[in-house]
Amino acid sequence: MSLHWALICHGLITLTIVVSFLCGQWPIFQGTPISSIHRFLTFGAYQYMLRFIGAVFGDRGTNLILSVEYYCFDRPNPILQLIYLAIIGTTYYIIVKTSFSYIPGYYLSEVHRYASFLAVAVGILLFLVTSFSDPGTVKADNVSRYLSAYPYDNIIYTEKECPTCKIPKPARSKHCSLCNRCVARFDHHCGWMNNCIGERNTRYFLAFLLWHFLLCIYGTIAIGLVLAGRLKELQIVHVLTVYYGVDNSLRSLAPYVVQWLLDAHNTQILLMVFMGVVSLLLAGFFAYHANLCLTNTTTNETFKWQDYISWQKKLIEARASTAALKANIAGMTTEGKPRESKCKSFFRRSLLQDTEAIVKKNVYDKGFFHNLYEVVFPVSTRASFLHTKSKSG
């Protein structure tokens with residue numbers, strides 16, 4: 001029984017750490033232990049480790065760690081790509097060793113031996129395509145076409161030159177310091193892909209997220225059916241009810257069935273939990289990026305809009321403070337006049353706030369179908385884009 005509780009505690013601790021690391025900065029977790037764990041994992045633990053290494057090994061040890069940090073986080077490297085391949089390869093290997101001996105079984109036919117391999121192969125293919133495809137590099141010979149394809153909105157994008165590439169900077173583009181290039185319709189730099197996600201490969205990135213979500217769901221259900229088949233083939237329920245006198249009800253049978261599964265198939269249970277958690281995370285990432293694509297927004301632009309709205313709010317607050325100061329001065333100079341009622345002053349202030357409401361106007365959002373079309377068929381892959389090149393050249 002201690003093994004069962006150890007497995008349960010292990011799963012809960014793993015789930016807490018994963019959720020804290022990936023989602024701890026979300027507003028819903030502010031002020032909770034999840035947020036505290038996130039801060040410790042992303043900042044506190046590293047700082048404590050640096051202090052410990054500095055105390056034990058001196059400056060040489062600290063400089064070595066900082067060099068490793070620079071290689072891992074401040075320049076392109078394949079570390080996370082290798083970790084992804086190790087995770088998917090190891091997971092599939094464990095599934096083959098622990099579950100393929102029961103396929104074909106009571107619920108699954110032999111076709112799933114080959115279907116699972118094909119599904120994993122497609123996932124790796126999407127990973128490679130996303131990793132090594134051009135995200136939409138802006139160069140001197142195509143910058144004029146990107147400038148015409150993405151006009152400036154003069155809100156979050158204004159006409160300027162990239163100080164590194166020394167070329168005009170099209171709207172929606174960004175210079176990636178890791179890849180050292182300007183990327184059209186820049187979304188973010190993905191460490192897992194060791195590549196930027198931009199105009200030309202956003203479609204592959206979305207396909208990667210969706211396919212791996214479905215792959216985890218498929219794996220979870222398939223292993224569940226393998227275990228259900230084992231219950232049927234070994235007649236576990238029949239044995240429990242006939243030979244051990246357990247009542248034939250779900251409430252009575254469930255503890256014994258779970259105990260048998262944990263004893264006989266604990267590896268498959270852990271795999272199901274792992275893939276279930278990963279599928280939830282992938283579903284969240286896919287939903288977030290799908291929503292961005294359907295509103296023709298990028299991750300980079302969400303931060304730009306946040307900065308713009310924050311700046312506008314500060315301007316409104318400054319104007320309100322200035323107006324209040326002027327009103328106080330005017331009140332001091334006109335003490336003999338009757339004072340304005342609080343009700344009238346309140347409604348005047350409310351009207352001022354309404355007229356100065358911050359409006360987020362995304363000029364690139366042209367409707368559901370047009371936005372989807374722009375992601376699936378990027379601007380730079382269309383004949384009109386190439387035609388512009390021939391005309392300008």
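Just so it is clear, the structure is predicted and the values come from calculations on it, not from any experiment.
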Practice problem: Answer yes if the side chains of T295 and D365 hold a donor-acceptor pair under 3.5 Å, and no otherwise. | Solution: no
Exercise. Using only heavy-atom distances, determine whether the side chains of E301 and Y364 contain a donor-acceptor pair under 3.5 Å.
Key: no
Quiz item: When the ring planes of H238 and Y243 are compared, do they come out parallel, tilted or perpendicular, using 30° and 60° as the limits?
Solution: perpendicular
Quiz item: Aromatic rings Y92 and F117: how do their planes relate, parallel, tilted or perpendicular, breaks at 30° and 60°?
Solution: tilted
Exercise. Return yes when atom CZ of F303 has more than 12 non-hydrogen atoms of other residues, nucleotides or ligands closer than 6.0 Å, and no otherwise.
Key: no
Quiz item: Would you find a donor on one side and an acceptor on the other, under 3.5 Å apart, between the side chain of N154 and the backbone of T158?
Solution: no
Quiz item: When you look at CZ of F100, are more than 12 heavy atoms from neighbouring residues, nucleotides or ligands closer to it than 6.0 Å?
Solution: yes
Using distance only, find each side-chain donor-acceptor pair of residues 192-200 under 3.5 Å and give its atom names and separation, not counting sequence neighbours.
| residue | atom | partner | partner atom | Å |
| --- | --- | --- | --- | --- |
| N194 | OD1 | N77 | N | 3.1 |
| N194 | ND2 | N77 | O | 3.4 |
| N195 | OD1 | R181 | NH2 | 2.7 |
| N195 | ND2 | T130 | O | 3.1 |
| N195 | ND2 | S131 | O | 3.0 |
| N195 | ND2 | S133 | O | 2.9 |
| E199 | OE1 | Y146 | OH | 3.1 |
| E199 | OE1 | S380 | OG | 2.9 |
| E199 | OE2 | V379 | N | 2.9 |
| E199 | OE2 | S380 | N | 2.8 |
| E199 | OE2 | S380 | OG | 3.2 |
| R200 | NH1 | S380 | OG | 2.9 |

Quiz prompt | Residue pair T298 / N300, side-chain donor-acceptor N/O under 3.5 Å | solution = no
Exercise. Considering non-hydrogen atoms only, spot the tightest contact between K169 and C162 and give its length.
Key: CB-N, 4.1 Å
Self-check item: Whether Y102 and H265 hold their rings parallel, tilted or perpendicular, with breakpoints at 30° and 60°
Solution: perpendicular
Quiz prompt | Test item: S173 side-chain N/O and P170 main-chain N/O as donor-acceptor pair under 3.5 Å | solution = yes
Self-check item: N296: side-chain hydrogen bond (donor to acceptor under 3.5 Å, both in side chains) partners, not counting sequence neighbours
Solution: R172, R185, N371, E374
Exercise. Using atom types as modelled and distance alone, determine if a side-chain donor or acceptor of H38 lies under 3.5 Å from a backbone N or O of S20.
Key: yes
Quiz item: More than 12 non-hydrogen atoms from neighbouring residues, nucleotides or ligands closer than 6.0 Å to OH on Y150, yes or no?
Solution: yes
Quiz item: Do you see a donor-acceptor pair shorter than 3.5 Å between the side chains of Y107 and H112?
Solution: no
Self-check item: Side-chain H-bond candidate by donor/acceptor type, D307 with S310, under 3.5 Å
Solution: no
Quiz prompt | Under 3.5 Å donor-acceptor, W211 side chain and A119 backbone | solution = yes
Quiz item: When you look at OH of Y256, are more than 12 heavy atoms from neighbouring residues, nucleotides or ligands closer to it than 6.0 Å?
Solution: no
Quiz item: Does atom CD of E159 have more than 12 heavy-atom neighbours, drawn from other residues, nucleotides or ligands, at distances under 6.0 Å?
Solution: no
Exercise. Please state whether the rings of Y373 and F377 are parallel, tilted or perpendicular, taking 30° and 60° as the class boundaries.
Key: tilted
Tabulate below the donor-acceptor pairs under 3.5 Å that side-chain atoms of residues 51-67 make, not counting sequence neighbours, or state none.
| residue | atom | partner | partner atom | Å |
| --- | --- | --- | --- | --- |
| T62 | OG1 | G58 | O | 3.3 |
| N63 | ND2 | D59 | O | 3.1 |
| S67 | OG | N63 | O | 2.8 |

Self-check item: Test item: side-chain donor near acceptor, T32 and S35, under 3.5 Å
Solution: no
Quiz item: For Y46, does the OH atom have more than 12 heavy-atom neighbours from other residues, nucleotides or ligands under 6.0 Å away?
Solution: yes
Quiz item: Quick one: does S116's side chain have a donor or acceptor within less than 3.5 Å of a partner on R113's backbone?
Solution: yes
Quiz item: Does the side chain of D134 come within less than 4.5 Å of N201's, by heavy atoms?
Solution: no
Quiz item: Taking NZ, NE, NH1 and NH2 as the nitrogens, is one of them in E317 or K314 under 4.0 Å from a carboxylate oxygen of the other?
Solution: no
